[in-house]
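Okay, so here's the structure we're looking at.
Below, read A as the first sequence line, B as the second, and so on, with proteins coming before strands; counting in each chain starts at 1.
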Number of protein chains: 2
Amino acid sequence: MGCANQLCEAEPFTALIYRRSSCLLSGEGVLRSQSRASLEYQDVRAAGKRLRLGDLAEKLGISTATVSLALRDSPLVAKETRQRVKDYAAEVGYIYNRSAASLRTSQSDMIGVAVHDILNPYFAEVFRGLEEVLAEEDKTILICNHRDMLKRQDQFIDTLLQHRVDGLILCPSVGTSPERINQISEQGVAITLVCRDLPGVQTPCVRGDDYHGSYLMTKHLIDQGHRQIAMIGGRRQSSSGRDRNNGWRAALVDAGIDPDEQLDIPELMTQADGQAVVPRILSAIPRPTAVACFNDLVALGVLTAVRRAGVEPGPELAITGYDDTEGVQNRTPALTTVANGAETIGREAAQMMLKQINGEPVPSGIKLIKPELRIRESAPPIGCRLGPVVGV
Amino acid sequence: MGCANQLCEAEPFTALIYRRSSCLLSGEGVLRSQSRASLEYQDVRAAGKRLRLGDLAEKLGISTATVSLALRDSPLVAKETRQRVKDYAAEVGYIYNRSAASLRTSQSDMIGVAVHDILNPYFAEVFRGLEEVLAEEDKTILICNHRDMLKRQDQFIDTLLQHRVDGLILCPSVGTSPERINQISEQGVAITLVCRDLPGVQTPCVRGDDYHGSYLMTKHLIDQGHRQIAMIGGRRQSSSGRDRNNGWRAALVDAGIDPDEQLDIPELMTQADGQAVVPRILSAIPRPTAVACFNDLVALGVLTAVRRAGVEPGPELAITGYDDTEGVQNRTPALTTVANGAETIGREAAQMMLKQINGEPVPSGIKLIKPELRIRESAPPIGCRLGPVVGV
DNA sequence: AGCGCTTGCTTAATCGTTACATGTTACGCG
DNA sequence: CGCGTAACATGTAACGATTAAGCAAGCGCT
C-alpha cells in the first residue's frame with residue numbers, strides 16, 4: 001500500500017502558509033482597529049465604540065425607553081414611531097447588546113444542550129429536531145459534547161449557569177447525580193432530559209421506549225427462529241442501556257428461553273467497540289445465531305468484523321442495530337434496526353423546554369416516543385439462505 | 001416487509017406520557033419557585049435571587065472590588081484573602097454572572113462556529129479539533145448549521161454579534177460576500193475561515209489543499225490505468241469545489257488526457273446525491289472506468305447505487321472519496337480516499353483564533369493543510385480483478 | 001522625623017438595556 | 001369650560017460586574 005507520489009513522503013498534515021495578494025496586517029491592535037471610516041459610524045462620538053440605544057434615541061430625538069420598546073415592537077409605542085426607529089436602526093447597522101439586556105432581565109434566550117456524543121448520527125438527528133423548534137423561537141443553542149465524562153458535563157453546566165441560560169437539555173452523563181439536576185431546576189433553570197432517564201429526578205424527560213423497542217427486536221429475532229441471541233453494548237448505568245437489556249431479557253423469557261449471561265456483553269458504544277468484540281462472539285459456545293446490538297454504530301462494527309472473519313453477516317449471523325440512523329438502509333446487507341424517532345425526541349424536548357420557560361404547565365414525568373421495527377436484510381430467518389446482494 | 005407485531009400498527013413516533021412516582025408539580029411558577037429553603041441561600045435578602053459579588057463581599061467584610069479581583073486570582077489581592085474569597089464562594093455556590101461582566105468588558109469568551117453541515121462526519125472532526133483547543137482556554141462555543149443558506153448564516157452572525165462574541169470561525173456559506181466578512185472583522189470581531197476560502201477576504205483561513213489532494217487522487221487513478229475519470233460533486237461557488245475540480249483537470253491535462261465535460265458533474269454533496277447520479281454515470285458513453293467523488297458521502301452513495309445496479313464497485317468501477325471520514329476504511333470495498341487533516345484544520349483554526357483575540361501577530365493569508373492519499377480497495381488498477389471481500 | 005515605595009484594599013463611575021412610575025398631550029363629553 | 005381618560009412618551013433607577021484612581025498603613029532608608 002505504498003504511496004507512489006513524492007508528496008506523500010512529507011509528515012502528515014503539515015501546514016504551509018500561502019500569502020494572499022492582499023495581505024493582512026499583523027500585529028497587535030490590527031483587528032481592534034480604531035479607524036472607523038465606514039459610513040454609518042462617522043457620527044458616533046467615541047471612535048471604536050458601537051452604537052447604543054441612546055445614540056439612536058439622540059438622533060431620532062426621542063428617549064431610549066421609546067427606542068427600546070419600539071425595537072421590541074411594543075404596542076406602547078405608536079406604530080409609526082416603531083417603524084421609524086426600526087428603519088433607522090437597520091439603516092445605521094445598530095447591534096443590539098444582549099449582555100446588557102440579559103443583565104437587566106436575567107433572561108438570555110440561550111438553551112444549553114449537552115449530549116455524550118454529537119458525532120453519533122443518532123444525536124445529530126435529535127439535534128436537528130431541537131434546532132428546528134428552538135431556532136423558530138429565536139433561542140440560541142449552546143452545545144456540549146461531554147463524552148460521558150462527568151467532569152466535562154459539570155464544567156459545561158457551570159458555564160451555562162454563568163451565562164444565565166433559560167434552559168438546559170441534557171442527555172445526562174453516566175454518573176450524573178439526580179440531586180444536582182433537581183438543585184439546578186430549583187434555581188429557576190428549566191431542564192429537560194432527553195434519551196436517557198434519571199431516577200429520582202423531578203424534571204421532564206423525553207426518550208424512546210427502549211425497553212419496548214428492544215423487546216420488539218428480540219421477539220422478531222425469535223420469530224425468525226433464533227434461540228441463541230446475544231445482546232451487546234450499552235452502559236448499564238444509563239437508562240437506555242438498562243432498558244434495552246431488560247427488553248431483550250423479557251422477550252427471551254416470554255418465549256421460554258433462558259438468557260445466556262455469556263451472551264450479555266455490556267459497555268460497547270462505538271463502531272470500534274463493535275469490531276473488537278467479534279472474536280468473543282464467534283468463539284462463544286454455543287455460538288449465537290443472532291446479535292442484537294445496542295445501537296447502529298456497534299452493529300456496523302460487528303458487521304464489518306464478522307465479514308472480515310469470513311462469516312457472512314445476515315445469513316450466517318443475524319445482526320440488528322438500534323436507532324435507524326441515516327444510511328444504514330443502504331449498507332450491505334441493509335441493517336435491520338429499530339427506528340427511535342430521534343428527530344421527534346428532539347422536537348418534543350424542545351417544545352417541552354419552551355413551555356417550561358414560558359411558565360406553561362408541562363406534562364410531568366417521562367414522555368416515551370414509540371419505537372418502530374425496521375425489518376431489512378441483516379437479520380433474515382434462520383437457515384434462510386438469502387443470497388448476498390453483491391452480484392458476483 | 002410487513003411488520004408482524006401488533007404495536008407497529010400505531011402511527012409513527014406517537015408519544016405516551018408515563019408518570020413518575022414522584023410527580024412534578026405543573027403550572028406557572030413551579031420552576032421559578034420562590035421558596036428557597038436550601039442551606040446556603042438562607043441569608044440572601046430577596047428570596048429567589050442569586051448571590052452577587054456584593055453578597056460575598058458583605059459576608060466577608062470586604063469590598064466587591066476585592067472579591068472580583070480575588071476570584072480572578074489577581075496579584076493585587078493578598079494571597080490569603082484570595083483563598084478566603086474563593087473558598088467562601090465555592091462553599092455558598094456563588095455563580096459568576098457573565099452578562100454583567102460582558103457588559104462591562106465587552107468581552108464574552110464565546111466563539112461562534114458556523115459550518116454548512118455539522119452532520120457531515122468531516123465537520124464533526126473539524127469540530128473536535130476546534131473544541132479541543134478552545135475548551136482549554138475556557139471559551140464557550142456557539143454552533144450554527146447554516147446548510148449553505150445565506151440567510152441562516154446571516155441570522156446566526158447577527159445573533160453572535162449581539163452576544164459580543166470574541167471571534168467567529170466560519171466555513172462560509174455559498175454566496176457569502178467578502179465585504180460583509182471584512183466589515184465584521186473591522187468591528188473588532190476576530191474571524192477565521194475554515195475549509196473554504198473566500199477571495200477578497202482579509203482574514204486568515206485554514207483549509208486543506210484541495211487542489212493538490214484532488215490532483216494526487218486523479219493522478220493515482222491515471223497511474224492505475226484509468227483514462228475515463230469522472231469528477232462528481234462539489235459546489236463551484238465554494239473554493240473546495242472549485243479547487244478539487246481544478247486539481248482533477250490539471251492531473252488529466254498533465255497526463256495528456258482531455259477532460260470530458262460530460263464527466264464533470266457538479267453540485268452533489270450528500271449520500272443521496274451520490275445515489276441519484278449513478279444512472280447518469282453508468283449510461284455515459286463512453287462509460288467512465290473511475291469516479292472521483294467530491295467527498296466520502298457522495299462516494300458512499302455512488303458505491304451503494306452502483307452495487308444495486310449490478311456493477312461491482314472497485315473492480316468494475318473505481319470509486320474514490322475525499323476526507324477519509326471515520327469508518328470509510330471499513331466499508332466493502334474499503335474506500336480509497338484523501339485524508340484531509342480535518343482535526344488538524346480545527347486545531348489550527350482555533351489556535352489562530354486565540355492569537356487574534358489576544359492581539360498576537362497572526363500569520364496572514366491561507367494556511368494549507370497537506371492532504372494525504374489513502375489507497376485502499378475501492379479503486380484498484382484497471383482490469384485487475386480483485387475478488388469481492390464478501391465471501392459467497 | 002520625613003520621604004518614597006510597596007502592599008492591600010476601597011470608592012465610585014461606568015457598561016447598555018429594561019421596568020416602573022410618571023409626565024404630557026389631545027380629545028370626548030357632561 | 002373643565003374633567004376624565006386614552007394614547008404616547010419619558011426619566012430614572014436598577015441589573016452585577018470591572019477598573020481607574022485613590023487612600024491608608026507599613027516598611028526601609030537617610
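Partners of A/Asp73 by salt bridge (Lys or Arg N to Asp or Glu O under 4.0 Å), not counting sequence neighbours, listed by chain and number: A/Arg82, A/Lys86. Qualifying salt bridge (Lys or Arg N to Asp or Glu O under 4.0 Å) partners for B/Asp148, counting only residues two or more places apart in sequence or in other chains: B/Arg196, B/Arg235. Every residue was checked against the salt bridge (Lys or Arg N to Asp or Glu O under 4.0 Å) condition with A/Arg72, not counting sequence neighbours, and none meets it. Remark: B/Thr66 engages B/Ser63 in a side chain to side chain donor-acceptor pair (under 3.5 Å) (not counting sequence neighbours). For A/Glu132, there are no side chain to side chain donor-acceptor pair (under 3.5 Å) partners two or more places apart in sequence or in a different chain. By the side chain to side chain donor-acceptor pair (under 3.5 Å) test, A/Asp158 is found to be paired with A/Arg180, residues two or more places apart in sequence or in another chain being considered. Shown here are the side chain to side chain donor-acceptor pair (under 3.5 Å) partners of B/Arg104, two or more places apart in sequence or in another chain: there are none.
C/dT17 atom P lies 9 Å from atom CG of A/Leu71, rounded to whole Å. A straight line from CG of A/Asp55 to C1' of C/dC15 spans 13 Å, rounded to a whole angstrom. Spacing between atom OH of A/Tyr96 and atom C1' of C/dG16 amounts to 10 Å, rounded to whole angstrom units. Spacing between atom CG of A/Leu53 and atom P of D/dG11 amounts to 15 Å, rounded to whole angstrom units. The distance from atom CD of B/Gln107 to atom P of D/dA17 is 17 Å, rounded to the nearest whole Å. Atom CD in A/Gln162 sits about 11 Å away from atom P in D/dA17, given to the nearest Å. Rounded to whole Å, the distance from NE2 on B/His163 to P on C/dG16 is 17 Å. One can place CG of A/Leu76 at 15 Å from P of D/dA6, the figure rounded to the nearest angstrom.
Under a 3.5 Å cut-off, the side chain of A/Asp55 and the backbone N or O of A/Arg52 do form a donor-acceptor pair. One N or O on the side chain of A/Asp166 and one on the backbone of A/Ser108 form a donor-acceptor pair closer than 3.5 Å. Under a 3.5 Å cut-off, the side chain of A/Thr192 and the backbone N or O of A/Cys205 do not form any donor-acceptor pair.
For the OP1/OP2 pair of C/dC9 and a distance below 4.0 Å, the side-chain nitrogens and oxygens of B/Thr81 include at least one atom meeting the criterion. A sub-4.0 Å separation between OP1 or OP2 of D/dA17 and a side-chain N or O of B/Tyr94 is present.
Rotation axes derived from the C1' atoms of the five outermost pairs at either end of the helix from C/dA1-D/dT30 to C/dG30-D/dC1 lie 60° apart, to the nearest 10°.
Along DNA chain C, the nucleotide closest to B/Arg164 and the one closest to B/Arg84 are compared, and the more 5′ of them pairs with B/Arg84.
Nearest nucleotide to the side chain of A/Asn97, out of D/dA17, C/dC9, C/dT17: C/dT17. Nearest nucleotide to the B/Ala101 side chain, out of D/dA9, D/dT18, C/dC9: D/dT18. Side-chain atoms of A/Arg52 lie closest to C/dG16 of the nucleotides D/dA9, C/dG16, C/dT18.
Here B/Ser99 lies out of heavy-atom contact (under 4.0 Å) with every strand.
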Table of protein N/O atoms under 3.5 Å from nucleotides 19-25 of chain D N/O atoms:
residue : atom : partner : partner atom : Å
D/dT19  : OP2  : B/Arg72 : NH1          : 3.0

